[in-house]
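Treat the numbers as computed from the prediction; the structure is a model and nothing was measured.
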Amino acid sequence: MIALVDCNSFYASCEQVFRPDLWNKPVVVLSNNDGCIIAANKQAKALTHIPLYEPVFKIKKVLGENGITCFSSNYTLYGDMSQRVINILRTFSPLVEVYSIDESFLDLSGVCHTTSYTDYGQEIKNTVFKHTGLPVGVGIAPTKVLAKLANRIAKKKTSETDQVYVIDSEEKRIEALKSTAIKDVWGIGRKHAKRLNAVGVVTAYHFTQLPLHWVRKQMTVVGERLWNELQGDPCIDFMTEPKPKKNIGTAKSFGKRLENISLIEEACSYYIAEVAEVLRSQKSCATYVQVFLHTNYHSKTDKQYSNSITSTLAIPTNNTFILITEAKKALHAIYKPGFRYKKVGVCLSGIVPEQYVQGNLFESQNRYNDARLVDTIDRLNSKFGKSKVMSGSIGTRIKEWELIKEERSARYTTQWHEILTIKT
Amino acid sequence: MDLIAFNKLKRAKAKHTPEVSKQTGFPSPATHYLEHTIDLHEHLIKNTDATFFVRIDGDGLSGFNIHNNDVLIIDRSLTPKENGLVLAVEEGEFKVKRFSKRPSEPYTIWGIITYIIHAVS
């Protein structure tokens, strides 16, 4: 059997753990530049008259009037809380696949000899909540896709399930399939849902009644796997090692429009430093550096311009300094003066494992090999906080271009000077 | 083609002797007695994933021997003991309390206070 454990409105819940004054109150979390809402808890979602997915500047007033608390995203906190949850889950199963920041699959085969699956699920849920303060839902079933379905049911029918639902019989499986719309099945995109609806498939149960050869023909092997999983035959493997990323990028709007290339260059260098750090943490190197730049599409008065360029590195690398040099060259190639720029972004691709980097006849390998400097920087930053030691190209004017994070909570669990403070 | 020079290529001298330690003198008598230096985290924190730190701002808790700017180590995984210190939540506010199985007012326990760190200089 497989369990899917996922945290209820994870970002909002992380904020609430440290803010008991907000327990059972509506809370939302905003995107990186406070532009829109990316997460809302149950209480906020219940206020259906508020268009939660409109840009924040349009609904700011309504949010306030309805007593909704807004937080800027605090990924440092969410990342740490997520890691705590994962560590706790590992005590319940030797095989845990971290599917996303707030979802993990647990292989339960051979771990439930003395208790029922429902009791085990309850124990997982209660332990995670007791240790971290985060509420989770648990779905248990013979396959991953069914576990997802069970988890949905656990969350939908909280009063009956108490956040834990187990599909452990043929009747329960059929019942779950019949009560789930095909569009809500894990792995069914909007396109497939539309096509399936057109042939009369409305629920997951209808889908399992389709002949397998039709599914294979229309939806390839992916559909076939899904079909089998819904029948109760596991065919999606556990991935205990995170999948190496195919590309790593970041792009954020500036706090204000920028015209001057020197500030844009500093922002671009900063983003490169961020992604290069990720690259090093997964022990890989990038072959291509893409830089893109654009003005504000939504502005009716600004002249519009956008461009993107990709440059190939002589030798794949994860060295921040080499990557910054390349990115700056690329930026200069696409930058045109006289525009008010809104955003610069970088993306590293052609990602290869560090140990398989091939040399180049015309480039000396030595400067690429000198990883000690960047390693030292990584160590210092992990000890003293993000971006404490940076490349000089990043400059010291971050405040002039950085995006606004007005409502960010403290990094309660990772910074000594930001720990939870109680006034007495 | 004119022959300019004719040299025998010398093979580099292979070194087969291992590097010998330059250290001389009496070997350290502590060699077989080395242990790791004490790491407080290891002793004060039993369950990292359930442990949080909380700073106290103000003198309202001197009755519990907790003073301004003290840091509390809170372990959420523990079960409260009678009369032990807990961080509680009452009406949406954090409070420090002595745990009692029969409290006069109901409250939620946020975590168990395991240590109070007090700076003296």
Side-chain angles (χ1 to χ4, degrees), chain A residues 5 7 13-27 43 67 69 76-77 79-92 96 98 104 123-136 383 409-424, chain B residues 39-41 44-80 85-99 105-119:
Chain A
V5 181
C7 302
S13 297
C14 286
E15 301 290 354
Q16 285 175 294
V17 168
F18 303 94
R19 291 287 303 272
D21 56 312
L22 300 178
W23 289 358
N24 301 312
K25 300 223 169 97
V27 170
Q43 286 79 4
T69 309
T76 313
L77 175 68
D80 182 74
M81 293 300 276
S82 166
Q83 194 54 53
R84 288 170 185 251
V85 174
I86 293 161
N87 293 346
I88 295 163
L89 294 179
R90 286 194 208 283
T91 64
F92 285 95
V96 174
V98 179
S104 295
E123 203 187 323
I124 295 175
K125 183 200 80 177
N126 292 336
T127 309
V128 173
F129 183 75
K130 182 157 193 247
H131 292 200
T132 65
L134 295 168
V136 298
K383 188 167 174 188
S409 53
R411 289 169 292 179
Y412 300 110
T413 56
T414 52
Q415 288 299 318
W416 186 244
H417 59 273
E418 290 184 31
I419 60 173
L420 182 63
T421 300
I422 296 175
K423 285 201 161 53
T424 64
Chain B
D39 175 1
L40 271 186
H41 197 94
L44 305 190
I45 292 157
K46 295 281 175 260
N47 189 335
T48 311
D49 298 317
T51 298
F52 297 86
F53 300 102
V54 171
R55 194 182 301 279
I56 298 300
D57 178 11
D59 289 308
L61 296 172
S62 45
F64 296 106
N65 235 333
I66 299 172
H67 303 284
N68 185 31
N69 221 18
D70 282 1
V71 173
L72 311 180
I73 302 181
I74 316 276
D75 188 338
R76 291 183 54 109
S77 69
L78 301 173
T79 317
L85 287 180
V86 296
L87 183 64
V89 171
E90 203 176 39
E91 286 165 8
E93 266 184 63
F94 281 116
K95 294 266 164 68
V96 171
K97 285 182 180 287
R98 279 204 184 279
F99 178 72
E105 307 266 324
Y107 58 84
T108 310
I109 292 173
W110 197 89
I112 310 303
I113 300 172
T114 52
Y115 290 93
I116 301 164
I117 304 175
H118 178 76

Separation between [atom1] of [X] and [atom2] of [Y], rounded to the nearest 0.5 Å:
X	Y	atom1	atom2	answer
B:Asp49	A:His131	CG	NE2	9.0 Å
A:Thr424	B:Glu93	OG1	CD	11.5 Å
B:Arg76	A:Phe129	CZ	CZ	6.0 Å

Between [Y] and [X], is there a side-chain heavy-atom distance shorter than 4.5 Å?
X	Y	answer
A:Phe18	B:Phe94	no
B:Arg55	A:Ile419	yes
B:Leu87	A:Ile422	yes
A:Val17	B:Trp110	yes

Notebook entry, point to check: So, A:Lys130 side chain and B:Ser77 main chain: donor-acceptor pair closer than 3.5 Å or not?
Noted result: yes

Side chain, backbone, both or neither: which part of [X] has a non-hydrogen atom closer than 4.5 Å to chain A?
X	value
B:Val89	side chain
B:Ser62	neither
B:Thr108	side chain
B:Asp59	backbone
B:Leu72	neither
B:Val96	neither

Margin query: Would A:Arg84 pass as a cation-pi partner of B:Phe52, given that its NZ or CZ must be under 6.0 Å from the six-membered ring centre and within 45 degrees of the axis?
Written below: yes

Margin query: For A:Thr132, which atoms come within 4.5 Å of any heavy atom of chain B: side chain, backbone, both, or neither?
Written below: both

Margin query: For chain B, which candidate among A:Thr413, A:Thr421, A:Asp80 shows the most heavy-atom pairs at distances under 4.5 Å?
Written below: A:Thr421

Next item on the list: Heavy-atom pairs under 4.5 Å with chain A are the metric here; pick the option from B:Ile109, B:Val71, B:Asp75, B:Asn68 that has the most.
Entry: B:Val71

Check: Do the rings of A:Trp416 and B:Phe53 sit parallel, tilted or perpendicular, given the 30° and 60° boundaries?
Finding: perpendicular

